[in-house]
Number of protein chains: 2
Amino acid sequence: MVTASSKQLASSIEKNKEISINHQKLIDATIETIAKRGLADTTISHVAKQAKVSQGYANFRFKSKENLLLSSLQFLSDEYKKSWQKIFEDEHLDPVDRLLKICENDFSKKIANRNKISVWIAFYSEVKFRPSYLSVCQKQDEIYLQQMEKLIDEINTKANQKSLSAIEISESYHSMVDGLWQRILFDPKIYTNEFCKSLIIKYFKSIYQNEKKFQ
Amino acid sequence: MVTASSKQLASSIEKNKEISINHQKLIDATIETIAKRGLADTTISHVAKQAKVSQGYANFRFKSKENLLLSSLQFLSDEYKKSWQKIFEDEHLDPVDRLLKICENDFSKKIANRNKISVWIAFYSEVKFRPSYLSVCQKQDEIYLQQMEKLIDEINTKANQKSLSAIEISESYHSMVDGLWQRILFDPKIYTNEFCKSLIIKYFKSIYQNEKKFQ
DNA sequence: CAATATTGAATGATTATTCAATACAAAACT
DNA sequence: AGTTTTGTATTGAATAATCATTCAATATTG
């Protein structure tokens, strides 16, 4: 009896594993396809071919194309969130070091590469017309900004910086990052990840002139 | 003879006027349609209805949908360019005043409104896949950045500001503008044009701390 | 009466979605 | 152990909808 039940369990896990492999395979294929062909030219058929499953299956698995796209956006969003959440929560690190790590993350090859940026921008461009996209993006932004504000506030206090509020600095940072990501897509030869990061660091340097870590 | 010829001329102008009215009507309708429904959902049929001409005519007039879209992007791009070109060339104005006018223009209701921003972002998102879009956007950006750099360089010299180069400041400004435009689209209640402009001005204030015009 | 502008219905291509048919694997039964 | 049964996973061809493009027919203008 025990054996039978554990066998069943094992088989069930195995099955779920298989299922989630296909699930992730399709999401990866969606991201790759959007990056390669653009959202406008991303069809179920292209995604299915990329994922090496049949067209019918891709649709069946996610119920609809819309749902597959949304799941892919959610995946990207979660991946990004995990990467910065870890940094914000690292209490061992000095606030300035945390900020530097956030910058590093925002322009790391894993996050700020042309494939992922083109997917982000593709979704951004549709946000106004698909409330479901907006809610995924907005929810993430809000938390990021909140944590960023808290962090900047700490730095402001320590550095006795009063001319710019924490909100102002985090909003400026955030919009600069968005703008630079766009630029990486347009002209990656000029806008290398290193260049973008250094631009941002110089922004902080001009605000916190006495902080040596920004030198 | 003179009369005949001038009549002919008048008629030809009249005709061109008619033609260009339809031309512009379709471009306006394209921009409105993209703003209202998104690029993905912009069909010749929607644009034609908006412009109050037949579907066949819209296509005939612009040879293809692609061409209509490109012409609309070109129109937006030209309109924007004219607005900043005038300011950059205004030699009577003090460099700092010119910079302030550029900011004002970049966040004026005519330029930074939700309709136009959503059209810009729609095209941006396809830039990687349509070389023709890229060339329109890139050409404009290059000149803007070049002029901006020249202007900032003047201000740097006058203010004896040396820690940030003119290139660095103009790149930062430019990407911040792009990022803020995006934000106006996402959350117009928080990101009002005034708020965005003041954020930018504060950026300049932190760089040129002795310049009273940024207060 | 030309000549030109404009229409709108027809065409063909593309694409999301459906679903009957098939492959596959695990379980039940000799 | 081998065979059959059962249930699930996956396929791929058929369907129906949408859309850009074409073009013969019609309207408009000079």
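Just so it is clear, the model here is predicted, and its values are computed rather than measured. Just so we're on the same page: letters track the sequence lines, and every chain starts at 1.
Within the 4.0 Å cut-off from OP1 or OP2 of D:dT21, at least one side-chain nitrogen or oxygen of B:N59 is found.
Scanning both residues, A:L151 and A:P95, for their nearest heavy atoms gives CD1-O, 3.5 Å.
Between the CZ atom of B:R37 and the P atom of D:dT18 there is a distance of 12 Å, given to the nearest Å. What separates CZ of A:R61 from C1' of C:dA16 is a distance of 18 Å, to the nearest Å. In this structure, the CD1 atom of A:I44 is 16 Å from the P atom of D:dT10, given to the nearest Å. Between the CZ atom of A:F62 and the P atom of C:dT18 there is a distance of 16 Å, given to the nearest Å. For A:K52 and D:dA9, the NZ to P distance is 22 Å, given to the nearest whole Å. Per the geometry, NE2 belonging to B:H23 stands 16 Å off C1' belonging to C:dA5, to the nearest Å. Look at CD on B:Q55: it is 10 Å from P on D:dC19, rounded to the nearest Å. Taking atom CG on B:L26 and atom P on C:dT6, their separation rounds to 10 Å, with Å as the unit.
A:F123 pairs in a ring-ring contact (aromatic ring centres under 6.0 Å, His included) with only one of the listed residues (A:F75, A:F129, A:Y133), which is A:Y133.
Legend: residues meeting ring-ring contact (aromatic ring centres under 6.0 Å, His included) with B:F204, ordered by chain and number and at least two apart, are B:Y173, B:F214.
The aromatic rings of A:Y144 and A:F88 sit perpendicular, their planes meeting at an angle over 60°, well past the 30° parallel limit. Ring planes of B:W120 and B:Y124: tilted class, angle from 30 to 60°.
Atom CD of residue A:Q24 and atom OG of residue A:S72 lie 8.5 Å apart, to the nearest 0.5 angstrom. Note that CD1 of B:I44 and CG of B:L26 are 8.5 Å apart. Values are rounded to the nearest 0.5 Å.
Between B:R183 and A:D141, at least one side-chain nitrogen of the basic residue sits less than 4.0 Å from a carboxylate oxygen of the acidic one, meeting the salt-bridge criterion.
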Is there a side chain to side chain donor-acceptor pair (under 3.5 Å) between B:Q147 and B:Q85? Walk through the geometry before answering.
CA-CA 9 Å; B:Q147 307 240 45; B:Q85 196 74 290; 2.4 Å; yes
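For A:K65, taking side-chain heavy atoms from C-beta onward, the closest of the listed nucleotides C:dT17, C:dT7, D:dT10 is C:dT17. You'll find that the side chain of A:S54 is closest to D:dT11, out of C:dT6, D:dT11, C:dA16. For B:S64, the side-chain atoms get nearest to D:dT21 when compared with the rest of D:dT21, C:dT15, D:dT11.
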For nucleotides 19-23 of chain C, give me every protein contact, N/O to N/O, under 3.5 Å, one pair per line with atom names.
none

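Axis orientation changes by 0° from one end of the helix from C:dC1-D:dG30 to C:dT30-D:dA1 to the other, with each end axis drawn from 5 pairs and the value rounded to 10°.
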